[in-house]
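A note on names: the letters A, B, ... follow the listed sequences, proteins ahead of strands, and every chain is numbered from 1. Note that the structure is a prediction, hence the values are computed from the model and not measured.
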Protein chains: 2
Amino acid sequence: MVRNREQSEARLIAAVGQILAREGFAGLGVNAVARAAGVDKVLIYRYFDGLPNLLRAYGEREDFWPTSAEVLGEDAAAIRALPVGKRVEHVVLGLLDALRKRPQTIEILAWEAMEDNALTRTLADIREHWGLRVIEHVFPDPSERSEDVLALANLLVAGFQYLMIRARRSPAYGGVALNTETGWQHIRQGIRLACRSIDHT
Amino acid sequence: MVRNREQSEARLIAAVGQILAREGFAGLGVNAVARAAGVDKVLIYRYFDGLPNLLRAYGEREDFWPTSAEVLGEDAAAIRALPVGKRVEHVVLGLLDALRKRPQTIEILAWEAMEDNALTRTLADIREHWGLRVIEHVFPDPSERSEDVLALANLLVAGFQYLMIRARRSPAYGGVALNTETGWQHIRQGIRLACRSIDHT
DNA sequence: GTATAAAGTCACCGGTTGGTGACTTATCTT
DNA sequence: AAGATAAGTCACCAACCGGTGACTTTATAC
């Protein structure tokens with residue numbers, strides 16, 4: 001048996017992702033993670049001082065959250081020149097595409113919303129800083145942020161996040177297909193439709 | 001000790017609601033329910049043949065789901081005379097108000113989306129029949145159901161459901177207050193804003 | 001009043017959970 | 001080569017989980 005702390009840490013972090021993808025957060029525990037990593041669970045305490053910190057390490061991997069560039073596109077300055085409605089549409093759709101590629105991130109978001117414990121709180125901390133940066137990027141001028149438009153934008157984001165969560169178990173939601181690409185195209189069209197009314201006041 | 005099966009059953013059903021309200025579905029188990037009901041857990045098996053059926057009994061109480069009248073208003077026929085966008089607005093806002101009064105129902109919806117087991121599947125069955133009736137009521141003519149509008153309507157419903165779920169733990173979401181009435185007024189305005197573009201094509 | 005079926009109690013089962021102490025073994029420094 | 005430090009193993013803990021069998025107690029039907 002080769003002894004290698006770095007490798008063991010990496011295995012534990014990878015095991016978190018495996019379990020989240022396979023069983024969801026319900027199966028996430030010290031025993032399960034250690035078993036999946038092929039490592040003794042005592043190392044979780046020695047190296048990470050418990051599961052919450054291991055989960056924090058997992059949440060801080062580079063590709064866990066999309067970068068601002070991935071959400072906003074390469075030319076962030078060009079976005080700020082668009083009317084507000086178009087800007088909202090752009091960032092909401094960008095966020096949708098970015099998150100659809102990250103099923104484990106969706107799993108974390110879901111869990112964060114459901115339960116309130118040491119593990120979820122650490123994850124909420126990580127996401128906090130990330131989310132604020134995006135808003136600052138898109139709406140540098142606070143006067144542009146109408147309360148109602150902000151509410152609508154967040155409602156749309158909350159909506160597709162919830163649909164992504166349901167998509168893992170259910171093939172459809174209220175007549176909208178969640179397991180086909182065309183179903184998600186309709187959702188994207190719905191978002192565009194909603195954003196159209198923002199500039200049209 | 002008075003012996004009364006009906007009362008014990010009622011206590012168990014009430015205990016389910018208590019636990020859902022207090023701890024959420026994470027704390028929902030045979031032992032916890034029996035303890036909260038002040039009743040031996042063996043009665044759960046004797047009277048309900050297990051927790052799933054007890055939960056089904058809980059989900060079938062009269063006031064658990066809003067009635068169609070509560071969502072649509074008293075004059076369901078008048079709604080069908082409105083343009084499509086107004087109809088969507090009306091039913092989405094009606095559903096929002098109806099569900100805001102039912103925190104335990106939100107808890108169930110959340111759980112249903114998160115986990116997939118015997119308990120959640122029984123609850124999904126109950127909700128299924130309920131949801132279809134509402135859609136049939138509002139859009140009796142299938143030709144009126146544009147795919148994109150349907151997607152938007154479901155996106156809005158999914159959105160406020162997700163926000164309600166988060167509201168239990170977080171006071172705000174992306175700058176929108178979830179713990180004040182004015183915050184929810186902004187969300188309602190956002191819904192109205194989104195629906196405006198439906199008829200405006 | 002007595003028999004009987006049901007209501008309720010209690011102790012226990014195997015399994016899993018998060019967590020720890022004591023141990024062996026490998027690697028690295030001197 | 002010897003010793004120190006860290007990596008990894010293992011057995012065990014108390015607490016909980018869902019679930020069951022055997023028991024006592026009460027109400028009810030006859």
Side-chain angles (χ1 to χ4, degrees), chain A residues 1-16 18-20 22-59 107-108 111 114-123, chain B residues 1-16 18-20 22-59 107-108 111 114-123:
Chain A
M1 171 62 66
V2 179
R3 303 203 164 187
N4 187 338
R5 171 167 182 165
E6 267 189 48
Q7 183 182 319
S8 293
E9 287 184 355
R11 280 178 152 214
L12 284 169
I13 291 173
V16 170
Q18 276 177 36
I19 290 178
L20 283 178
R22 203 187 311 136
E23 308 170 50
F25 55 79
L28 199 69
V30 177
N31 298 299
V33 170
R35 204 181 312 125
V39 146
D40 196 278
K41 64 177 172 178
V42 79
L43 301 184
I44 293 174
Y45 298 97
R46 283 230 270 262
Y47 297 159
F48 297 96
D49 196 37
L51 198 56
N53 269 2
L54 169 57
L55 206 47
R56 156 166 276 142
Y58 175 75
E107 199 81 39
I108 292 284
W111 190 25
M114 299 305 131
E115 273 190 270
D116 186 39
N117 54 40
L119 280 72
T120 56
R121 271 189 290 271
T122 60
L123 292 165
Chain B
M1 171 63 67
V2 179
R3 305 207 161 187
N4 187 337
R5 171 167 181 165
E6 267 188 48
Q7 184 183 318
S8 294
E9 288 183 355
R11 281 178 152 216
L12 283 169
I13 291 173
V16 171
Q18 278 177 34
I19 290 179
L20 283 179
R22 204 186 312 134
E23 309 171 49
F25 55 80
L28 198 69
V30 177
N31 297 299
V33 170
R35 204 181 310 125
V39 145
D40 197 278
K41 64 177 172 176
V42 79
L43 301 184
I44 293 175
Y45 298 98
R46 283 230 269 263
Y47 297 160
F48 297 96
D49 196 37
L51 198 56
N53 269 2
L54 169 56
L55 207 48
R56 155 166 279 142
Y58 174 75
E107 199 80 38
I108 292 284
W111 190 25
M114 298 305 130
E115 274 190 271
D116 186 40
N117 53 40
L119 281 71
T120 56
R121 271 190 291 269
T122 60
L123 292 165

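Summarising the geometry, atom CZ belonging to B/Arg11 is positioned 10.0 Å from atom CG belonging to B/Asn4; distances are rounded to the nearest 0.5 Å. Atom OH of B/Tyr47 sits about 15.5 Å away from atom CG of B/Asn53, to the nearest 0.5 Å. Atoms CD and CZ, on A/Glu9 and A/Arg5 in that order, are 5.0 Å from each other to the nearest 0.5 Å. A distance of 12.5 Å separates CZ of B/Arg22 from CD of B/Glu107, quoted to the nearest 0.5 Å. To the nearest 0.5 angstrom, B/Leu20 atom CG is 5.0 Å from B/Ile108 atom CD1. How far CG of A/Leu51 is from OH of A/Tyr58: 13.0 Å, rounded to the nearest 0.5 Å.
Taking atom CZ of A/Arg46 as the reference point, atom C1' of D/dT9 lies 9 Å away to the nearest angstrom. In this structure, B/Gln7 atom CD and D/dT26 atom C1' are separated by 15 Å, rounded to whole Å. A straight line from CG of A/Asn4 to C1' of C/dC28 spans 14 Å, rounded to a whole angstrom. The nearest whole Å value for the distance from the CD atom in B/Glu6 to the P atom in C/dA7 is 11 Å. Atom CZ in A/Phe48 sits roughly 16 Å away from atom P in C/dG18 (whole-Å rounding). As a whole-Å value, the separation of B/Tyr47 OH from D/dG19 C1' is 17 Å. One can place CD1 of B/Ile44 at 9 Å from P of D/dG18, the figure rounded to the nearest angstrom. Per the geometry, CZ belonging to B/Arg3 stands 17 Å off C1' belonging to D/dA29, to the nearest Å.
The shortest heavy-atom contact between B/Leu12 and B/Ala34 is CD2-CA, 4.4 Å. Summarising the geometry of A/Thr120 relative to A/Glu115, their closest heavy-atom pair is OG1-O, 3.2 Å, with the distance given to 0.1 Å. Pairing each heavy atom of B/Ile19 with each of B/Gly27, the nearest pair is CG2-O, 3.6 Å.
Secondary structure note: stems in DNA chain C built from 3 or more consecutive Watson-Crick or G-U wobble pairs under 3.5 Å occupy C:1-30 with D:1-30.
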Derivation of the side chain to side chain contact (heavy atoms under 4.5 Å, CB included) call for A/Trp111 and B/Met114:
CA-CA 8 Å; A/Trp111 190 25; B/Met114 298 305 130; over 6 Å; no

Check the pair A/Lys41 / A/Asn31 against side chain to side chain contact (heavy atoms under 4.5 Å, CB included), numbers first and verdict last.
CA-CA 6 Å; A/Lys41 64 177 172 178; A/Asn31 298 299; 3.0 Å; yes

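Within residues 31-43 of chain B, the residues that place at least one heavy atom under 4.0 Å from DNA chain D are, in residue-number order, B/Asn31, B/Arg35, B/Lys41, B/Val42. Only at 4.0 angstrom or more do the heavy atoms of residues 49-56 of chain B sit from any atom of DNA chain D, so none qualifies.
The phosphate of D/dA7 (OP1 or OP2) has no side-chain N or O of A/Ser8 nearer than 4.0 angstrom.
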